[in-house]
Structures are given as structure tokens and as C-alpha cells.
**Student:** 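Okay, handing you the structure first.
This structure is a prediction, so every number in the text was calculated from the model and none was measured. Letters go in sequence order (proteins before strands), and every chain restarts at 1.
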Amino acid sequence: MHDIRAIRENPTDFDAALARRGLDPISPSILAIDTERRAKITAAEAALADRNAASKQVGAAKASGDEAEFERLRALVSDKKAEVAALEEEAKDMDAKLNDLLLTIPNLPYADVPDGADENDNVEIHKWGTPPTLDFDAVEHFEIKSVTRGMDFETAAKLSGSRFVILSGAIARVHRALAQFMLDTHTSENGLTEVNGPVMVRDSAMLGTGQLPKFSEDSYQTTNGWWLIPTSEVTLTNIVAGHTLDEDYLPRRYVAHSLCFRSEAGSAGRDTSGMLRQHQFEKVEMVSVVKPENSDAELDRMTNCAQDILERLGLAYRTVKLCTGDMGFGARRTNDIEVWLPGQNTYREISSCSTCGDFQSRRMNARFKRTGEKKPEFLHTLNGSGLAVGRCLIAVLENGQQADGSVNLPDVLHGYMGGKTKINADGSLG
RNA sequence: GGAGACGUGGCCGAGUGGUCGAAGGCGCUCCCCUGCUAAGGGAGUAGGCGGCUUAUACCCGUCUCGAGGGUUCGAAUCCCUUCGUCUCCGCCA
């Protein structure tokens, strides 16, 4: 949600920033609505002021017992009623019109975000580790001999259709271990507060973080109107919706492990094999709520938290700063972390860390008040995966694969695996 | 699922049709007094929107007592809808 006053003051910069996202100038139509809106408000309020003044005199006349005057004023106020109602209606319509339009406009990229059309224009800003050198041809995760039995797409399709999977045995265990490892690391080492919250939310929550009104097709909705969250960013960020926080309550840093649901409309044909892109998946999500002056540093901190998980797992990755054309709706700047997948012989996204500035907090009306200051200010919100659990499973399996079809597990997971260190070629733990 | 109660400012809590954006208390800010492990006195203290403006400073207008709608000349106060909270019963992981 954009500040209409900022647009009013500098429409040229606003359009220029949106142009970097490939959008046509929109400030003229916004300002036209805004101008009319303000004219309507002024007119409606003037009429209201008249009515209120007369109404006040009605009370005085009644109190003094002047019945004739009372009746006269009463009629006057009554006459004003229709006029006021009509003007208020118009003002409200224009306000809604402006609001509806503003809700569909994406966030403005920060100046340092590189221009570009798609992922090919993203800029690498960090690289860690070396892809494993294998003396055999690496295969994709679902082709690894020890994995096939515990990763069943056919049976899942029978139950639910495509883009679902049933994990079992050692694979399910590694998947669970990864989620626990991530949560433990973030809470014990990185200072995040663990949260376990709803995966079904109202419209207002989805509006707050920006999934609605534009992207309703991307998510699922229950018959009674709840949305299945596409990410627990929705749950975590909306914790502060509608609140005015004390300055010393900040920063808030949350982490949650949750199911996520995505329709993947528009992804037909992409990543159809394996469990890279599912309708239902698990993710450990981080959300930070901070003061404006701290959000840049917070994005670095959050990105480091996500990278830290991969480093502890010993997985090679690179971090890219997304270009304007590849950034999500609500982001001002986004760092994607891409993990090396030997089976695909490339880096694939496993985390996306974004700062939204005050874009979401304006939608949610989430503010804070500085000590001693009168005016509340909008918070800054950030979100990032830390990490996508399913994709991390893929990475662990592909990077740990051996010539005989077994998989060596990262050291940090051994404690979560009852001391087991590998998945044997037959699928058992060893 | 059934029955009932309730939703007021940062917090607690008065207020059942007009003088209420709203008593009182707590908290917080400033000032005074006092002087040592404490207290006393005074003042101030909601937000949104529109206008004015260099201004997120004043000032003016307007809206907001969970939200939306209605009755009325006029609503925190009456009615309806809705969301939420609590209590009892039922059911249940």
C-alpha cells in the first residue's frame, strides 16, 4: 500500500520507480481520483459542519423551552440530512475507489536494486562452498536408488493428484530432522522467537501481506472462506496487524515451521518431476518487524540466518540480489539464496529474503511509537525462508549421493537421526 | 452445535438518547516541593481524514467508544448484521 501523499508530492519518481518494474505510468489516474476524492470529502464535511451546528442549536432551543425555534431548527436539520447523505456517499465511493487501486500496485524497488526483466538479470552478491566433485554421474533426488522407495509420487497422485508426494521411512525422517535442525538453530543461535500459528487465515490477513486482492488464484480457499496460507509470512507478519507497538518492544523476530499451500497456477509444465514444486510443502519462515532505520541491516541479518543453515549443512550456495523484474509484489529488495543441486547441475532457489519497507505495515495498519514522540510511525517488515524444508531435503539428498546409490547425511543432522549417518542403498538408515 | 454475557482511549474502568472524544485511576512526559532509599503538589498525554501551511508545528472542520448498517433533528447509549472474547452444556484430537 502506497502513501497517497507521497505520490501526490512526487508523482514523477513514483512512476519512474514503477517503470523499473515494467509498469506504465499510473500516477495520473491515481491523482485524478485523489483530487476528486478530496473535493468530495471537503464538500461532505462542509455540509456536515452546517448540520452539526444547527443540530447543536436544536438542543439549546429545547433546553430553553423555545418550542417554535426548536421546531424550526428541527426542520432545518432534517432538510440537510439528504444532502449530507448524498455527499458522504460520493466521498466514500471515491475513497474506496482510490484504496482499491492502491492495493493493486506493487511496492517500489530500492534504488540499489538492479534493473532487469527476469532471473537472468539477477546479480550474484555472495557465494559459499564448492559443489561436490563426484566420480559418477549425479542423478536427481527422485532417481537416487536409496530414495525411490521413500518418495512416492504415484501413490500421492492416487490420493491427491499431481504435485503431491508421500515421504516415508528414512526420507520422512530426514525431512523432519531438517525442520527441527532449522528451528533449533534459529531459536538457539539466531535469537528468533518460535511461533506455531494458524495455516488458515481470513481475507484481511492475506490483504495485509499482499496476497490479496491481486493473487487470489495462487492460493486455496476453504468453503467457508478461510485461505490456506501460501507461506507463514502471512501468519507471522499479521501478528502485529492493527497494533501500535512501543519502541522498546522492537525488533520482533519470529520463526515458524508450517505447511504451505500453493495452487501453482501458471506453473504448468515447470518442475513437474520430483518434489521441487508441490501444492503442499513445509517451510521454516522468518519474519522481522523493525524500525525503519534498521530494516536494511535486518535484511542482511536475515539473509545470514538463512545462509547459516546451508553452511552448517555443508551445502554450496550462492546468493543473488533480485532484479526489478524478478521481485515479488510486496518487496523493495530481495536476496534469493540458491543451493547447488548436482542432479540438475545448477543452483536452485531455496530461500528468498525480502524487505517490504512500510508496504505491508500500511496495509495492516501496524505502527510503533518512539519514546517521547507523539506521532506513531509505520513499521518495516521483512520475511525470508530459513529454509524451504522440501527443497532442502532435495539438496541434502543430491549432494550426499554416493556411487552405490546411498546418501551420506550432513554431520549436523546425525543428532536428529538417532545417531545414524547415512541412508543405505536399500533405503534403510545406517 | 445449544444457552447466556460482554467488546469504551497505552492499560484498567465509569458512562442507557443532546452540554461525551468521553469521569476516575494506572502508566508516561514536563514543572515545583522535598531530600535520600520514598513520597507530595501542578500541568499535559488518542488516532485517521480534509482544509490552511515550507511543515509530520499551530489553527479550523470532520470521523472514530470492535466492525458495518439502521432508527432519530441528534447515538458510546436504541435496533439489525457481523467479527471477537468469556461462561455453562454438548461433542471431540
**Student:** Considering only atom P, compute the distance from B:A14 to B:A23 and round it to an integer number of Å.
**Tutor:**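 Each nucleotide's P atom is 14 Å from the other's.
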
**Student:** Under the salt bridge (charged side-chain N to carboxylate O under 4.0 Å, His left out) rule, what pairs show up with a residue in residues 270-283 of chain A, not counting sequence neighbours?
**Tutor:**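 Those involving residues 270-283 of chain A are A:E264-A:R277, A:D271-A:R277, A:D271-A:R348, A:K283-A:E285.
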
**Student:** For B:C88 versus B:G69, give the span between their P atoms, rounded off to a whole number of Å.
**Tutor:**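 Straight-line distance between the two P atoms is 36 Å.
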
**Student:** Looking at every strand, decide which applies to A:K92 at a 4.0 Å heavy-atom threshold: base, sugar-phosphate, or nothing.
**Tutor:**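 Sugar-phosphate only.
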
**Student:** Sort and list the pairs that fulfil salt bridge (charged side-chain N to carboxylate O under 4.0 Å, His left out) and have at least one residue in residues 159-174 of chain A, not counting sequence neighbours.
**Tutor:**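 For residues 159-174 of chain A, and leaving out neighbouring residues, there are no salt bridge (charged side-chain N to carboxylate O under 4.0 Å, His left out) pairs at all.
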
**Student:** If you measure from the C1' atom in B:U64 to the same atom in B:G9, how many Å do you get, rounded?
**Tutor:**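 B:U64 and B:G9 have their C1' atoms separated by 11 Å.
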
**Student:** Please enumerate all residues that pass side chain to side chain contact (heavy atoms under 4.5 Å, CB included) together with A:K40, with sequence neighbours excluded.
**Tutor:**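 Per chain and number, A:K40 pairs via side chain to side chain contact (heavy atoms under 4.5 Å, CB included) with A:E36, A:E90, A:A91, A:M94.
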
**Student:** Tell me whether the centres of the aromatic rings in A:F368 and A:H243 are closer together than 6.0 Å.
**Tutor:**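 Between A:H243 and A:F368, which both carry aromatic rings, the centre distance is not below 6.0 Å.
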
**Student:** Partners of A:F329 by ring pair (Phe, Tyr, Trp, His ring centres under 6.0 Å), sequence neighbours excluded?
**Tutor:**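 A:F329 satisfies ring pair (Phe, Tyr, Trp, His ring centres under 6.0 Å) with A:F215, A:F359 once adjacent residues are dropped.
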
**Student:** Name all stems that contain residues of RNA chain B, defined as runs of 3 or more consecutive Watson-Crick or G-U wobble pairs, both distances under 3.5 Å.
**Tutor:**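 When the pairs of RNA chain B are grouped into runs of at least three, the stems are B:1-7 with B:83-89, B:10-12 with B:24-26, B:27-32 with B:40-45, B:46-51 with B:59-64, B:66-70 with B:78-82.
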
**Student:** Hey, which of these two, A:A49 or A:E9, hits RNA chain B nearer its 5' end, going by closest nucleotide?
**Tutor:**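 Counting from the 5' end, the first nearest nucleotide belongs to A:E9.
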
**Student:** In whole angstrom, give me the gap between the C1' atoms of B:U77 and B:C86.
**Tutor:**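 About 23 Å, rounded to a whole number of Å.
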
**Student:** Only pairs at least two apart or in different chains count here, so list each side chain to side chain donor-acceptor pair (under 3.5 Å) that has a residue in residues 195-205 of chain A.
**Tutor:**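 Residue pairs passing side chain to side chain donor-acceptor pair (under 3.5 Å), neighbours aside: A:D203-A:W227.
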
**Student:** A:L87 CG to B:U62 C1': how many Å, rounded?
**Tutor:**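 Interatomic distance, CG of A:L87 to C1' of B:U62: 13 Å.
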
**Student:** Quantified in whole Å, what is the P atom distance between nucleotide B:U82 and nucleotide B:A93?
**Tutor:**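 B:U82 and B:A93 have their P atoms separated by 30 Å.
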
**Student:** Does A:K97 have any salt bridge (Lys or Arg N to Asp or Glu O under 4.0 Å) partners at least two apart in sequence or in another chain, and if so, which?
**Tutor:**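 None.
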
**Student:** Distances under 3.5 Å between protein N/O atoms and the N/O atoms of nucleotides 77-83 of chain B, please, pair by pair.
**Tutor:**
residue	atom	partner	partner atom	Å
B:C83	O3'	A:R202	NH1	3.4
B:C83	O3'	A:R202	NH2	2.5

**Student:** I need a per-nucleotide contact map over nucleotides 44-50 of chain B, read 5' to 3'. Cutoff is protein heavy atoms under 4.0 Å; write B for the base, S for backbone only, - otherwise.
**Tutor:** ---SSBS

**Student:** Among pairs that include at least one residue of residues 147-156 of chain A, which meet side chain to side chain donor-acceptor pair (under 3.5 Å), considering only residues two or more places apart or in two chains?
**Tutor:**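 Qualifying pairs, neighbours excluded: A:D152-A:T155.
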
**Student:** In whole angstrom, what separates A:F368's CZ from B:C28's P?
**Tutor:**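 Value for this atom pair: 21 Å.
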
**Student:** Whole-Å distance between B:G9 C1' and A:H243 NE2?
**Tutor:**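 Spelled out: NE2 on A:H243 to C1' on B:G9 is 15 Å.
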
**Student:** Under the side-chain hydrogen bond (donor to acceptor under 3.5 Å, both in side chains) test, which residues partner A:E398, sequence neighbours left out?
**Tutor:**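 If we apply the side-chain hydrogen bond (donor to acceptor under 3.5 Å, both in side chains) test to A:E398, skipping adjacent residues, the hits are A:H141.
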
**Student:** Can you measure A:E88 atom CD to B:G70 atom P for me and round it to whole angstrom units?
**Tutor:**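 So the CD-P distance, A:E88 to B:G70, works out to 10 Å.
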
**Student:** Answer yes if the ring centres of A:H279 and A:F261 are under 6.0 angstrom apart, and no otherwise.
**Tutor:**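 Between A:H279 and A:F261, the centre distance exceeds or equals 6.0 Å.
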
**Student:** Any salt bridge (charged side-chain N to carboxylate O under 4.0 Å, His left out) pairs touching residues 292-305 of chain A, not counting sequence neighbours?
**Tutor:**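 Matches after skipping sequence neighbours: A:R253-A:E298, A:E293-A:R370, A:D296-A:R333.
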
**Student:** CG of A:L48 versus C1' of B:C73: gap in Å, rounded?
**Tutor:**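 Going from CG in A:L48 over to C1' in B:C73 covers 14 Å.
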
**Student:** Could you tell me how far B:C89 sits from B:U29 if I compare only their P atoms? Round to whole Å.
**Tutor:**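 These two P atoms come out 47 Å apart once rounded.
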
**Student:** What is the distance, to the nearest angstrom, from the CZ atom on A:R51 to the P atom on B:U62?
**Tutor:**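 After rounding, the gap between these two atoms is 10 Å.
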
**Student:** Just to verify, which of A:R332, A:R367, A:H2, A:R363 counts as forming a side-chain hydrogen bond (donor to acceptor under 3.5 Å, both in side chains) with A:D358?
**Tutor:**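 The passing option is A:R332.
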
**Student:** Using whole Å, what does the distance between atom C1' of nucleotide B:C28 and atom OH of A:Y249 come to?
**Tutor:**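 Answer to the nearest Å: 19 Å.
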
**Student:** B:U54 and B:U62: how far apart are their P atoms, nearest whole angstrom?
**Tutor:**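 Nearest-Å result for B:U54 against B:U62 at atom P: 24 Å.
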
**Student:** Could you work out the separation of B:C28 and B:G84 based on their P atoms and round it to a whole Å?
**Tutor:**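 Roughly 35 Å separates the two P atoms.
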
